[in-house]
2 protein chains.
Amino acid sequence: MVPPAATSTPTKPSRTLSTAEERREAILTAAMPVFAEKGYHAAPTTEIAKGAGISQAYLFRLFPTKEELFVAVIERSRERMIETFTEAADRADAEGLDPTEQMGIAYGDLVGSDRDVLLVQLHAQAMSGFMPAARKAMRDCFAALYALAAERTGGSPEELKLWFAGGMLINVMTAINAEQVDQPWARALTDFDGDCFNG
Amino acid sequence: MVPPAATSTPTKPSRTLSTAEERREAILTAAMPVFAEKGYHAAPTTEIAKGAGISQAYLFRLFPTKEELFVAVIERSRERMIETFTEAADRADAEGLDPTEQMGIAYGDLVGSDRDVLLVQLHAQAMSGFMPAARKAMRDCFAALYALAAERTGGSPEELKLWFAGGMLINVMTAINAEQVDQPWARALTDFDGDCFNG
DNA sequence: TCAAGGTGTGAGTATGCACTCACTCACTTC
DNA sequence: GAAGTGAGTGAGTGCATACTCACACCTTGA
């Protein structure tokens, strides 16, 4: 049960092969921007495999279908959001700030800086219409986020609805870069300071 | 100048060919559900042409690229929304009802009954990330809808923002059929009666 | 009646895709 | 060291796709 080789140099890992779990992580990391940019159908698995540094054949061993890979990417983007919200809520608690507002700000920052998370969400929403696996993943996503928001903000269902609605608007406005448009509609729909969605 | 064959049955129109404009309309009608279901990349132009009752070759004469066709479909879905809102506002005016509320209800009905309009919007939003033509079409769409809503409801920018945010939430919840889910998050996020978004 | 131009197509081309198969090599166990 | 298992791949297969081209037919105007 003891590792046999204390003899080999300890600076290098004795193992040259990666574990399947490491590869899976690498694939998800590589897949995220590709799905974000091109959407489900136009994202080539060859490109994802290349980005992960493995062969396409091995990609399909680890994720038997492209759809399973897509769902895993949706779940990963959900995890990113959960992390973001949790950190923001922790910070709000520590500094005595309004958690609803802090989580909202953190979300705006997240989708503004990490467009992959945003675009994966949008593609997944659109695919939900006719791809049951994506629909399920999106429902799970909303379930988790709603539970987290309810717990950390203590808001009423009505307040939470408003807060989610604001999030959906941020998504779309960010996707079309409305903040770069100098027109009344764009100014009105991208004004998230001193916001009605927060408390 | 007289059609040469008064001998043929007069119940048939003398013209056997359609005009290009009629064909264009037929193509858009056929393209809408295909793009809605499959998204931009996975929607085959062969299937669209077949649905429109013409050859694929002629489709490409009328819409030189698939992208132009996609943009035209986005614009058509915008027109549907404009019609819906206009009718609802007219009705509200005629019957002394609140236009904001009536337009909101009409929108919910539209996306609930005509999923094509909804899904085309969602696909277009997702494509906006990396397809400038789709982004432009979506911006135009928001510009037109915002102008209409502002004129017909007289709402403040803040009120209009709330109203649009509610619309974005309706979109997503409808896409994932959240109203069929019996869980707290789904009940809260699909409760659009007596709504905070309406005045 | 005939030319001009619009309507319309069959049959491609070149490319890209998800997924498979047969196979090699690294590592562990006994 | 032998035997088993998991990591990893080169080289496909079969099919679908956007777009093209040469060509035919219908309609109109003079």
Side-chain angles (χ1 to χ4, degrees), chain A residues 1-9 12-28 30-31 34-35 37-73 127 131 133-134, chain B residues 1-8 12-27 30-31 34-35 37-73 127 131 133-134:
Chain A
M1 308 310 169
V2 191
T7 60
S8 70
T9 73
K12 276 188 178 179
S14 62
R15 184 185 182 87
T16 62
L17 296 182
S18 299
T19 67
E21 200 44 50
E22 285 166 354
R23 291 304 196 190
R24 239 183 275 269
E25 279 303 303
I27 291 170
L28 289 179
V34 181
F35 278 123
E37 171 170 357
K38 312 198 176 187
Y40 175 72
H41 284 290
T45 53
T46 48
E47 185 178 338
I48 295 170
K50 198 174 196 177
I54 58 164
S55 68
Q56 190 197 24
Y58 193 43
L59 183 152
F60 274 98
R61 170 142 335 153
L62 297 179
F63 292 94
T65 66
K66 191 182 178 183
E67 193 170 303
E68 286 172 65
L69 175 56
F70 186 54
V71 167
V73 167
M127 294 305 291
M131 185 195 272
Chain B
M1 307 313 164
V2 190
T7 60
S8 70
K12 279 189 178 178
S14 62
R15 184 188 181 88
T16 62
L17 297 182
S18 299
T19 66
E21 199 45 48
E22 285 166 353
R23 292 302 197 189
R24 240 181 275 268
E25 279 302 304
I27 291 170
V34 181
F35 278 123
E37 171 170 355
K38 312 198 177 190
Y40 175 72
H41 284 289
T45 53
T46 48
E47 185 178 338
I48 295 169
K50 198 174 195 177
I54 59 166
S55 67
Q56 190 197 24
Y58 193 42
L59 182 152
F60 275 98
R61 170 143 333 153
L62 297 180
F63 292 94
T65 67
K66 191 181 178 184
E67 192 170 304
E68 285 172 65
L69 174 57
F70 185 54
V71 167
V73 167
M127 294 304 293
M131 186 195 270

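Naming convention: chains lettered A, B, ... in sequence-line order (proteins, then strands); numbering from 1 in each chain.
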Between [X] and [Y], is there a donor-acceptor pair closer than 3.5 Å when you use the side chain of the first and the backbone of the second?
X: B:K38; Y: A:H41; value: no
X: B:E47; Y: B:P44; value: no
X: A:R24; Y: A:L62; value: yes

Just the rounded figure in Å: distance from [atom2] of [N] to [atom1] of [X].
X: A:K38; N: C:dA18; atom1: NZ; atom2: P; value: 10 Å
X: A:R24; N: D:dG8; atom1: CZ; atom2: C1'; value: 14 Å
X: A:L62; N: C:dC19; atom1: CG; atom2: P; value: 14 Å
X: B:E67; N: D:dC19; atom1: CD; atom2: C1'; value: 14 Å
X: A:F63; N: D:dG8; atom1: CZ; atom2: C1'; value: 16 Å
X: A:R61; N: D:dG10; atom1: CZ; atom2: C1'; value: 14 Å
X: B:I27; N: C:dT9; atom1: CD1; atom2: P; value: 10 Å
X: A:E21; N: D:dA7; atom1: CD; atom2: P; value: 10 Å

Do B:T46 and B:Q56 have side-chain N/O donor and acceptor atoms under 3.5 Å apart?
no

Using only side-chain N and O atoms of A:R23, determine if any of them is under 4.0 Å from OP1 or OP2 of D:dG8.
yes

I'd like to check the salt bridge (Lys or Arg N to Asp or Glu O under 4.0 Å) partners of A:E67; sequence neighbours left out, ordered by chain and number.
none

Name the orientation class of the two ring planes belonging to B:Y40 and B:F70 (parallel below 30°, tilted from 30 to 60°, perpendicular beyond 60°).
tilted

Closest to side chain of B:T16, choosing from D:dT9, C:dT7, D:dT27
D:dT27

Value rounded to 0.5 Å, distance of OG1 in A:T45 from CG in A:L69
8.5 Å

Every protein N/O within reach of nucleotides 15-18 of chain D N/O, cut-off under 3.5 Å:
residue	atom	partner	partner atom	Å
D:dA18	OP1	B:A43	O	3.0
D:dA18	OP1	B:K66	NZ	2.5
D:dA18	OP2	B:T45	N	3.0
D:dA18	OP2	B:T45	OG1	2.9

Both B:I54 and A:T65 contact DNA chain C. Which one's nearest nucleotide lies toward the 5' end?
B:I54

